[in-house]
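Quick notes on the structure that follows.
Letters go in sequence order (proteins before strands), and every chain restarts at 1. As a basis for the values below, the full set of heavy atoms in this structure was taken, side chains included, without hydrogen atoms, waters or symmetry mates. Here the structure is a predicted model, which means the values were calculated and not measured.
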There are 2 protein chains.
Amino acid sequence: MEVRRQDIHNSDIPVVCRACEARHGGVCGVLTPEQLGELNKHSSRHRLDTGAEVIGQGETVVNYSNIIRGVVKLTKVMADGRQQIVGLQFAPDFLGRPFLEESAITAEAATESEVCNFPRQVLDRLVRRTPELEHKLHRQALKELDEARDWMLTLGRKTAQEKVASFLHLIATHVDPENIETTVFDLPLSRADIADFLGLTIETVSRQFTKLRKENVIRIENNRHVSVPDMDRLMRYAGND
Amino acid sequence: MEVRRQDIHNSDIPVVCRACEARHGGVCGVLTPEQLGELNKHSSRHRLDTGAEVIGQGETVVNYSNIIRGVVKLTKVMADGRQQIVGLQFAPDFLGRPFLEESAITAEAATESEVCNFPRQVLDRLVRRTPELEHKLHRQALKELDEARDWMLTLGRKTAQEKVASFLHLIATHVDPENIETTVFDLPLSRADIADFLGLTIETVSRQFTKLRKENVIRIENNRHVSVPDMDRLMRYAGND
DNA sequence: CGCGCCATTTGATTTTGATCAAGTGAAAAG
DNA sequence: CTTTTCACTTGATCAAAATCAAATGGCGCG
């Protein structure tokens, strides 16, 4: 009986969703098969090259997305071109700002990525009828808020060295959706992006990487591949005692 | 008939809530008279002196609050004492982090304030039964997230002068709950708090105030009373073109 | 293989804001 | 009325990170 019900349910779930890596952790996880089916009718998967823009600052929001794979950066730019990354989103995060017509930020792929898009209106309608979905989105918004506030402390009060170490720790705890903390990983961001994330220049970021490497806090190969022999030590360099 | 219903409703609303300045803008605005009555049974109003702590970083959350009057600052501290204000909340904002046992931040009154406290459990229960309430809290979380991200750009990429000008503009647009923008106002924060908000030192903040005053961007009396003759000019100094 | 491209690193110098150290002024306390 | 206190301002010097300027080092391509 239990098994049979399971079967029926599975067959109700859209084929593309069944194998979706983001289905359980992401917003889709709270939907019933019927709702998933409805959403799926209007949704589409896309591959994004590094640098591909999902939405631009000031543009009208037509789609929300789920990140299936990859890292998406959220940036704000000033009129004179100064730029700040205000958030990094990893799979299976939801991507979008509910209840606003116009995006206040630019979202673009930091790495080669994959997303699942669905029209704003379809999800908005679904949210109104599904308290669990709003709850899920609410939790994600609160998580992003916590992360943003952690980062404000980093931006406002930490030294360049602490900023870079904090960034490495952030990546170590987020790149792999499977693991809470990874000690060997590839940086999803270029030095320029890291600088934009940390409120520093490329040169300062590079110098701090060199310093951390010379003090054996990290090892680096090919610019992007990092290993951290002692995560606690890195944490201390990040100012997190 | 319409009038009579209104009367019945009014008589159902708890006496203390009827005159509450925060009732309409705040979370209470979405509650039915019955729900308001239930919440009110467990809630209590408190006056807060400047500096009074609402909750401390790392403490267990027992209460949520509504700000009735005044300004509350949200701060994060590092182990060595470095401090960053990560949010300013004005009446009638909701104060609290739903769905988390432990507070990641300290909240304290930046000015003499008044809040209405209610037990975490009572509101949590109410949220589960009231989608409109969760929607309201969700919207507030998203508003705070937008503000946090705006501020990240300020912290990471703006000069000291732009930071101070940005702060003045923020205050001008938030101190008076009645008005979108005020040109004459009292600063709700000391120089030390402003420094903690902007990621600067007291001395740098002071020097930038002097500079803005000398260039007639602002006038200052008694350290706290500010008037802005030309808000667009201030905006330009803030780097918002 | 050699060339050019691009990201990154490294070096020299400058600038911004922090730090250290006195002042000032207004309000509270004696 | 004087003294103390506290928040804020001002000044001199210092240090961290920005800026300007060259190297370096893969990597794709002819």
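Put simply, NE2 on B:H225 is 19 Å from C1' on D:dA7, counting in whole angstrom units. As a whole-Å value, the separation of A:K211 NZ from D:dA17 P is 9 Å. One interatomic measurement links the two molecules: CG of B:L200 to P of D:dT9, which rounds to 14 Å at whole-angstrom precision. For the pair B:L212 CG and D:dT9 P, the computed distance is 12 Å after rounding to whole Å. Nucleotide D:dA16 holds its P atom 10 Å from the CD atom of A:Q208, rounded to whole Å. Computed from coordinates, the B:R224 CZ to C:dA26 P distance equals 16 Å when rounded to whole Å.
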Short heteroatom pairs, N/O only, protein and nucleotides 9-13 of chain C, under 3.5 Å:
{"unit_1": "C:dT9", "atom_1": "OP1", "unit_2": "A:R191", "atom_2": "NH2", "d": "3.1"}
{"unit_1": "C:dT9", "atom_1": "OP2", "unit_2": "A:R191", "atom_2": "NE", "d": "2.8"}
{"unit_1": "C:dT9", "atom_1": "OP2", "unit_2": "A:S206", "atom_2": "OG", "d": "2.7"}
{"unit_1": "C:dT9", "atom_1": "O5'", "unit_2": "A:S206", "atom_2": "OG", "d": "3.0"}
{"unit_1": "C:dT10", "atom_1": "OP2", "unit_2": "A:T210", "atom_2": "OG1", "d": "2.7"}
{"unit_1": "C:dG11", "atom_1": "N7", "unit_2": "A:R207", "atom_2": "NH1", "d": "2.9"}
{"unit_1": "C:dG11", "atom_1": "O6", "unit_2": "A:R207", "atom_2": "NH2", "d": "3.1"}

Between protein and nucleic acid, restricted to nucleotides 22-29 of chain D and to nitrogen or oxygen atoms under 3.5 Å apart, what atom pairs and distances do you find?
none

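Within the structure, every side-chain polar atom (N or O) of B:T201 is placed at least 4.0 Å from both OP1 and OP2 of C:dG17.
Inter-residue side-chain proximity for B:R97 and B:V61 is flagged as unmet; no heavy-atom pair is nearer than 4.5 Å. You'll find the side chain of B:H169 reaches within 4.5 Å of the side chain of B:E181, heavy atoms only.
Every residue was checked against the salt bridge (Lys or Arg N to Asp or Glu O under 4.0 Å) condition with B:K211, not counting sequence neighbours, and none meets it. Checked against ring-ring contact (aromatic ring centres under 6.0 Å, His included), A:H174 has the following partners two or more places apart in sequence or in another chain: A:F90. Under the rule for a salt bridge (Lys or Arg N to Asp or Glu O under 4.0 Å), B:R139 has no partner lying at least two apart in sequence or in another chain. Under the side chain to side chain contact (heavy atoms under 4.5 Å, CB included) criterion, A:N240 pairs with A:K158, A:M235, A:A238, sequence neighbours left out. Contacts of A:Q140 classified as side chain to side chain contact (heavy atoms under 4.5 Å, CB included), with partners at least two apart in sequence or in another chain: A:Q89, A:D93, A:F94, A:E144. Contacts of A:R47 classified as salt bridge (Lys or Arg N to Asp or Glu O under 4.0 Å), with partners at least two apart in sequence or in another chain: A:D49, A:E112. Every residue meeting the salt bridge (Lys or Arg N to Asp or Glu O under 4.0 Å) condition with A:R120, not counting sequence neighbours, appears here in chain and number order: A:E101, A:D124.
Atom-to-atom distance recorded for A:K73:NZ and A:E108:CD is 4.0 Å, nearest 0.5 angstrom. Remark: A:L189 CG to A:F167 CZ distance equals 5.0 Å, nearest 0.5 Å.
Fit an axis to the five pairs at each end of the helix from C:dC1-D:dG30 to C:dG30-D:dC1 and the two axes sit 20° apart, to the nearest 10 degrees.
For A:R219, the CZ atom counts as loosely surrounded, since its 6.0 Å shell holds 12 or fewer non-hydrogen atoms of other residues, nucleotides or ligands.
For the segment residues 70-88 of chain A, no residue has any heavy atom less than 4.0 angstrom from an atom of DNA chain D. Using a 4.0 Å cut-off on heavy atoms, the residues of residues 149-162 of chain B that approach DNA chain C are B:T159, B:A160, listed by number.
When each of B:D196, B:L155, B:V77, B:L198 is tested with B:Q84 by the rule side chain to side chain contact (heavy atoms under 4.5 Å, CB included), just one qualifies, namely B:L155.
In this model, a donor atom of one side chain and an acceptor atom of the other lie less than 3.5 Å apart for A:S65 and A:N117.
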Could you go step by step and tell me if B:V228 and B:L168 meet the side chain to side chain contact (heavy atoms under 4.5 Å, CB included) rule? CA-CA 9 Å; B:V228 182; B:L168 289 168; 5.7 Å; no

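Put simply, the side chain of A:N179 never gets that close to the backbone of A:T182: no donor and acceptor are under 3.5 Å apart.
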